[in-house]
Amino acid sequence: MEEWERWERRVQTAAHPVAYRLVRAVAARGPVVRVPRVGVVVSDARLAREVLTDAEAYTKTGPGAAAGLWSPVLGSRVLITLEGAEHAALRRRLGGLFTPGHVGAVCERVLSGPLGGMKRRLAAGDEVDLVRVVRDGAAEVIRELVGLPGGGTDFTEAAAVVSSLRLWRTTLTGRQVERARAVLDRLSEAAVAAYRAGDESTVPGRLRALGLDEAEARGAVGLFLLTGTETLVSFVPRLVALAHDTGRGPGGITDAVVEEALRVTSPTPVMLRSAARAGRIGGVRVEAGERVVIATLLCTGAYGPFAPDRDPAETAGLRRLWFGAGPHFCLGMPLAMAEIRAVVGALRGFPDLAISGRRPARGVLIPAYARLPVRARAAGRAAGGRPDNRS
Ligand code: HEM
């Protein structure tokens with residue numbers, strides 16, 4: 001096993017020591033396998049797309065899917081708990097927040113300060129924890145995007161809410177719901193106030209103007225916080241580690257490297273659906289009400305190891321399955337890509353970036369590094385520091 005793969009396995013199994021092994025063992029038995037108490041596990045990209053694009057037959061709102069998990073916290077009127085015409089209408093109204101032009105401008109405005117600070121510290125030979133940089137930056141971007149005032153709001157608490165969930169749980173415990181609600185209430189207080197004031201210069205005010213009711217606006221704020229931070233905290237450090245472990249360094253992170261890294265890491269490792277009626281997936285009968293688990297990582301992993309130099313046509317059929325497919329395809333993709341490019345762009349000036357003492361996060365929902373300390377070797381020497389590449 002190559003260095004990058006060893007680290008990826010460590011990150012994945014630290015997050016889910018049992019689930020990853022189980023899912024791999026299941027996938028070895030076939031592309032669609034029923035696992036008692038888990039559901040019907042799909043590990044083939046074509047069949048996964050069939051499920052995800054047939055939102056009438058496989059919904060996010062039935063038993064075992066996302067709605068049961070999130071409705072108690074976010075309310076029942078958020079993108080991930082709606083289907084059909086209602087979902088499409090809400091998504092259209094929120095779409096304007098995520099156009100490449102708008103997210104590009106937000107990233108530029110919000111990230112230039114923190115990323116400038118990171119560059120200065122690296123140039124001075126200091127160690128920088130990339131996980132921290134990405135978490136703080138992603139949280140700031142969401143804060144700006146949803147129009148929350150700066151300072152005081154504790155996003156790490158919101159992140160802890162996401163991490164406290166387990167992959168196979170279908171509902172939240174009473175305590176988890178209470179804690180999540182309290183955190184999100186505090187976070188969205190200012191957003192609700194802006195909504196009520198109807199000030200169109202703020203995003204919540206604009207959401208009102210776009211036709212969202214108060215519950216929808218509050219739900220949107222909570223959903224973006226939950227989806228827009230930990231995914232990037234997972235991906236960006238893993239991308240930089242992958243580039244390091246394959247001898248590229250940040251200067252070698254091209255668009256093709258980013259795409260391949262998204263494929264082999266698949267930060268959202270599973271997507272959950274509920275069968276609305278009896279049917280068949282790849283010849284396997286599925287009963288109404290059964291849970292369908294799309295094992296994204298296995299679907300994308302089947303296309304071979306990390307190989308950014310190969311012909312992109314070989315993986316074109318995946319059509320970015322790591323961002324989902326069908327009506328729930330990741331709304332935040334343009335924002336995710338803008339943030340990835342911003343961090344990679346800032347690191348590009350440090351081609352000899354060394355990683356020392358990295359640590360995978362244990363027992364979290366979305367596999368990630370807990371710490372990824374990096375240092376620019378040449379800068380370290382210039383500043384009189386000792387080069388360090390113990391990984
Ligand atoms: C590398 C980063 C990211 C990855 C890999 C990712 C992946 C995904 C995936 C796989 C889905 C579909 C889930 C399903 O169908 O069950 C999704 C949905 C979603 N994502 Fe992302 N995401 C990322 C970043 C973001 C960011 C930065 C945001 C910003 C707020 C975001 C917002 C959303 C939203 C709102 C949905 C729900 C869309 C809907 O249900 O209509 N994501 N994402």
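Because the structure is predicted, anything quoted here is derived from the model rather than measured. Remember, it's 1-based here, ligands and their atoms both numbered in the order they're listed.
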For E214 and R208, what are the C-alpha separation, side-chain angles and deciding distance, and is it a salt bridge (Lys or Arg N to Asp or Glu O under 4.0 Å)? CA-CA 7 Å; E214 187 173 313; R208 179 175 174 166; over 6 Å; no
Does the pair F224 and L331 meet the rule for a side chain to side chain contact (heavy atoms under 4.5 Å, CB included), with working shown? CA-CA 10 Å; F224 297 160; L331 181 66; 4.2 Å; yes
Applying side chain to side chain donor-acceptor pair (under 3.5 Å) to R238 and S234, what does each step give before you reach the verdict? CA-CA 7 Å; R238 286 163 85 185; S234 164; 2.9 Å; yes
Evaluate R21 against Q12 for side chain to side chain donor-acceptor pair (under 3.5 Å), listing each step before the verdict. CA-CA 10 Å; R21 289 192 185 100; Q12 290 162 9; over 6 Å; no
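Among all non-hydrogen protein atoms, the one lying nearest atom 36 (C) of ligand 1 is L331 N, 4.0 Å. When hydrogens are left out, the protein atom nearest atom 32 (C) of ligand 1 is T227 OG1, 3.2 Å; that is the closest non-hydrogen contact. Nearest to atom 6 (C) of ligand 1 among the protein's heavy atoms is F323 CD2, 3.7 Å. Scanning the protein for heavy atoms near atom 12 (C) of ligand 1, the closest one is H328 O, 3.5 Å. The protein heavy-atom contact nearest to atom 5 (C) of ligand 1 is W322 O, 3.6 Å. Closest protein heavy atom to atom 7 (C) of ligand 1: T268 OG1, 3.3 Å. The nearest heavy-atom contact from the protein to atom 21 (Fe) of ligand 1 is C330 SG, 2.3 Å. For atom 13 (C) of ligand 1, the closest non-hydrogen atom of the protein is K60 NZ, 3.8 Å.
Considering backbone and side-chain atoms together, R273 places an N or O closer than 3.5 Å to an N or O of ligand 1. For ligand 1, one of its N or O atoms has an N or O atom of H87 under 3.5 Å away. Between T231 and ligand 1, no pair of N/O atoms sits closer than 3.5 Å. The shortest N/O to N/O separation between E339 and ligand 1 does not fall below 3.5 Å.
Ligand-side atoms of ligand 1 in range of R91: 38 (C), 39 (C), 41 (O), range being under 4.0 angstrom from any heavy atom. Shown in contact with G324 at under 4.0 Å from a heavy atom are these atoms of ligand 1, numbered in order with element: 10 (C). Applying the 4.0 Å criterion to heavy atoms of G228 picks out, from ligand 1, the atoms 26 (C), 27 (C), 28 (C), 29 (C), 30 (C).
With R34 contributing its side chain and G39 its backbone, the two residues share no donor-acceptor pair below 3.5 Å. Judged by distance alone, with hydrogens and angles left aside, the side-chain atoms of T296 form no donor-acceptor pair with the main-chain N or O of W322 at under 3.5 Å.
Counting only N and O atoms by type, the side chains of E83 and H328 include a donor and acceptor under 3.5 Å apart.
The CD atom of E216 sits 13.0 Å away from atom CG of L74, with the distance rounded to the nearest 0.5 Å. In this structure, the separation between SG on C330 and CE on M337 is 10.5 Å, given to the nearest 0.5 Å.
Between W7 and Y369, the angle of the ring planes lies from 30° to 60°, which puts this pair in the tilted group.
The closest non-hydrogen atom to atom 35 (C) of ligand 1, taken over V51, L223, I142, V270, comes from L223.
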